[in-house]
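Note sheet for the following structure.
Count residues from 1 along the sequence. All ligand and atom numbering here is 1-based and tracks the order in the structure.
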Amino acid sequence: MRFEYDPENIFAKILRGEIPNKTVLETEHSLAFEDISAQAPVHVLLIPKGAYVSYDHFARDASDAEILDFNRAMAKICETVGVEDGFRAITNARRDGVQEVPHFHLHILAGRPLGRMLERG
Ligand code: 5GP
């Protein structure tokens with residue numbers, strides 16, 4: 001698989017400070033911020049600072065340090081945003097995954113019953 005990163009995507013602009021965000025956590029290699037269109041009381045987006053298009057791209061090409069940082073950031077977010085009653089972590093990729101922003105991101109959703117994982121059909 002060949003991954004082509006578009007540096008003009010909205011999350012790249014957030015990382016460059018060109019667009020404001022409500023930061024939840026920043027680490028050496030990762031940034032977490034509130035989704036602009038929250039679908040649950042907690043809706044955080046966790047992204048790597050590196051130029052990765054999707055989860056499979058990140059998992060294949062990111063350094064060990066980036067992957068560790070991302071996962072530890074995920075745990076820190078869960079400790080701080082209130083996921084005692086459960087949460088859902090989602091990452092969409094490409095057309096069939098209906099990915100809108102082509103910079104790898106993990107949605108962390110919590111704060112209400114989240115229903116079934118997928119619509120049938
Ligand atoms: P995707 O469909 O790519 O998995 O999700 C993209 C997410 O990015 C959506 O939930 C959308 O609300 C969020 N989003 C799009 N533009 C912005 C923005 O400018 N700022 C923030 N914080 N979130 C955004």
Quiz item: Can you name the residues that come within less than 4.0 Å of ligand 1, going by heavy atoms only?
Solution: Ile10, Phe11, Ile14, Phe33, Glu34, Asp35, Ile36, Ser37, Leu45, Asn92, Val98, Gln99, Glu100, Val101, His105, His107

Quiz item: Is a side-chain donor-acceptor pair under 3.5 Å present for His43 with Asp35?
Solution: yes

Practice problem: For the pair Thr91 (side chain) and His105 (backbone), establish whether a donor and an acceptor sit closer than 3.5 Å, ignoring hydrogens and angles. | Solution: yes

Quiz item: Taking only residues two or more places apart in sequence, or in another chain, which ones meet Arg94 in a salt bridge (charged side-chain N to carboxylate O under 4.0 Å, His left out)?
Solution: Asp56

Practice problem: Using side-chain contact (heavy atoms from CB on, under 4.5 Å) as the criterion, list what pairs up with Arg72, not counting sequence neighbours. | Solution: Leu68

Quiz prompt | ring-ring contact (aromatic ring centres under 6.0 Å, His included) partners of residues 75-99, not counting sequence neighbours, each pair once | solution = none

Exercise. Could you tell me whether Glu4 atom CD has more than 12 heavy atoms of other residues or ligands within 6.0 Å of it?
Key: no

